[in-house]
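Inspection log for the structure reproduced underneath, given as structure tokens.
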Amino acid sequence: MENYKIAALMVLFVFMISPAYAQIEMIEDMVMPIGIDDENAWIDADISFAVEIDDTNMETSEYSIDITNSGNESVEGYINIYIPFIPERIKVLVDGEEVDIITQEESYRNSRYHVNIDMDALSNSSVEVNYKILKIPQQRNVGLWALQYHYNSPINLQFSSTKEDYVRTDINYDGKIVIGYEPSKLSCNNCVQDGNTITVSDSNYFYINWEKKRVPYRAGILYLLMISGIVYYLVKMRK
């Protein structure tokens, strides 16, 4: 009887540690500031984008931002780019010219980049943001048979003037996200799914969640090794 108690404890130990062993270090979710519709907005920002995520979860994103200052005074502004990892590459062009990117934080948990953009009264400006990055599963949604991912815009715009610390900004998104595998349990805010393509049209924000199925090879190997050890132990004790 004592042998069977020991075996039961060993089985329980297997089930307790295997999920922990299978997990990898993940990225914490980031809360993204977003624009809201405002008829009195000084700044209009039309943002178009094309995002591709391949079957290895490598993301390539291209954002084009057309900004209009409809106010009668100049504004100082910036574009913040929030990415939950270190990108393989990142480039920003303002009115066709590549500009310096200020790195505010760069780590495997959060990376933040900053670009200054000042605009005269009644003027327009165009900005292009291109980057490539490995997508990381959400930290709090790790399972043995699937990993959960999310996507929202990494772009945050903010402007100020001599009159106001914060100038009202109206943001409008249009674009597509193409996932290089069949996503499961996909849900999205302000977007439409068609197979592995997600379309965002005339929206001031969007947010997408999905899962990627996987086979937990390492966890399976660990299970087999430990169960084999338990079986060997029981057979040996019976002799």
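Residues take their numbers from the sequence shown, with the count starting at 1.
- For the atom pair K163 NZ and W42 CH2, the distance stands at 5.5 Å (nearest 0.5 Å).
- In the hydrophobic clustering of this structure, L122 does not group with I67; members are Ile, Leu, Val, Met, Phe, Trp, Tyr whose side-chain heavy atoms approach within less than 4.5 Å, directly or through other members.
- Between P137 and L147, the closest heavy-atom pair is CG-CD1, 3.6 Å.
- Side-chain contact check for Q148 versus N209: some heavy-atom pair is nearer than 4.5 Å.
- The CG atom of N116 lies 12.0 Å from the CD1 atom of I101; values are rounded to the nearest 0.5 Å.
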Item to complete: Take I83 and I90 through the test side chain to side chain contact (heavy atoms under 4.5 Å, CB included) and record every step on the way to the result.
Response: CA-CA 11 Å; I83 307 177; I90 182 168; 4.2 Å; yes
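- In the hydrophobic clustering of this structure, Y78 does not group with I102; members are Ile, Leu, Val, Met, Phe, Trp, Tyr whose side-chain heavy atoms approach within less than 4.5 Å, directly or through other members.
- Y166 OH to F159 CZ: the interatomic distance, rounded to the nearest 0.5 Å, is 9.5 Å.
- Using modelled atom types and a 3.5 Å distance limit, the side chains of N124 and T68 yield a donor-acceptor pair.
- Proximity of E128 to S64: side-chain heavy atoms (C-beta onward) are separated by under 4.5 Å at one or more points.
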Discussion item. Please determine whether side chain to side chain contact (heavy atoms under 4.5 Å, CB included) holds for the pair D118 and S74, giving the CA-CA distance in whole Å, both sets of side-chain angles, and the decisive distance to 0.1 Å.
Written reply: CA-CA 8 Å; D118 299 334; S74 61; over 6 Å; no
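- Contact between I65 and A45 at its shortest, heavy atoms only, is CG2-CB, 4.4 Å.
- A perpendicular orientation is assigned to the rings of F49 and Y173, their planes being inclined by more than 60° (bins at 30° and 60°).
- Between L157 and I43 the shortest side-chain heavy-atom distance does not fall below 4.5 Å.
- With hydrophobic clusters built from ILVMFWY side chains whose heavy atoms lie under 4.5 angstrom apart, I47 does not share a cluster with L93.
- Side-chain atoms of E73 do not come within 3.5 Å of backbone N or O of V75 as any donor-acceptor pair.
- N69 places none of its side-chain heavy atoms less than 4.5 Å from the side chain of D120.
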Output side-chain donor-acceptor pairs under 3.5 Å for residues 178-192, partner residues at least two apart or in another chain, one line each.
residue: Y181; atom: OH; partner: N57; partner atom: OD1; Å: 2.8
residue: Y181; atom: OH; partner: W210; partner atom: NE1; Å: 2.9
residue: S184; atom: OG; partner: E211; partner atom: O; Å: 3.3
residue: N190; atom: ND2; partner: S203; partner atom: OG; Å: 3.3
residue: N190; atom: ND2; partner: Y205; partner atom: O; Å: 3.1

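- With values rounded to the nearest 0.5 angstrom, N156 atom CG is found 7.0 Å from I171 atom CD1.
- Screening R89, E62, E59 for a side-chain contact (heavy atoms from CB on, under 4.5 Å) with Y131, the sole residue that qualifies is E59.
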Worksheet item: Going through the checks in order, is the side chain to side chain contact (heavy atoms under 4.5 Å, CB included) test met by F206 and I177?
Response: CA-CA 11 Å; F206 63 94; I177 300 169; 4.1 Å; yes
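- In this structure, the side chains of V129 and I81 come closer than 4.5 Å at one or more pairs of heavy atoms.
- Linking Ile, Leu, Val, Met, Phe, Trp and Tyr whenever their side-chain heavy atoms come within less than 4.5 Å puts V99 and Y113 in one cluster.
- Looking at D95, its side chain does come within 3.5 Å of a backbone N or O of S126 through a donor-acceptor pair.
- The hydrophobic clustering, which links ILVMFWY residues whose side-chain heavy atoms are closer than 4.5 Å, places Y108 and Y149 together.
- Atoms CG and CG, on N172 and N204 in that order, are 8.0 Å from each other to the nearest 0.5 Å.
- Just one residue in the list V200, D194, T199 forms a side-chain contact (heavy atoms from CB on, under 4.5 Å) with K176, and that residue is T199.
- Note that the CD1 atom of I86 and the CZ atom of R109 stand 12.5 Å from one another [nearest 0.5 Å].
- Around atom CD of E98, more than 12 heavy atoms belonging to other residues, nucleotides or ligands sit under 6.0 Å away.
- Counting non-hydrogen atoms of other residues, nucleotides and ligands closer than 6.0 Å to CD of Q104 gives a total above 12.
- Taking every heavy atom of both residues into account, F85 and P87 meet most closely at O-CD, 3.5 Å.
- More than 12 non-hydrogen atoms from other residues, nucleotides or ligands lie less than 6.0 angstrom from CD of Q193.
- When all heavy atoms are compared, the tightest approach of R112 to Y82 is CD-CE2, 3.2 Å.
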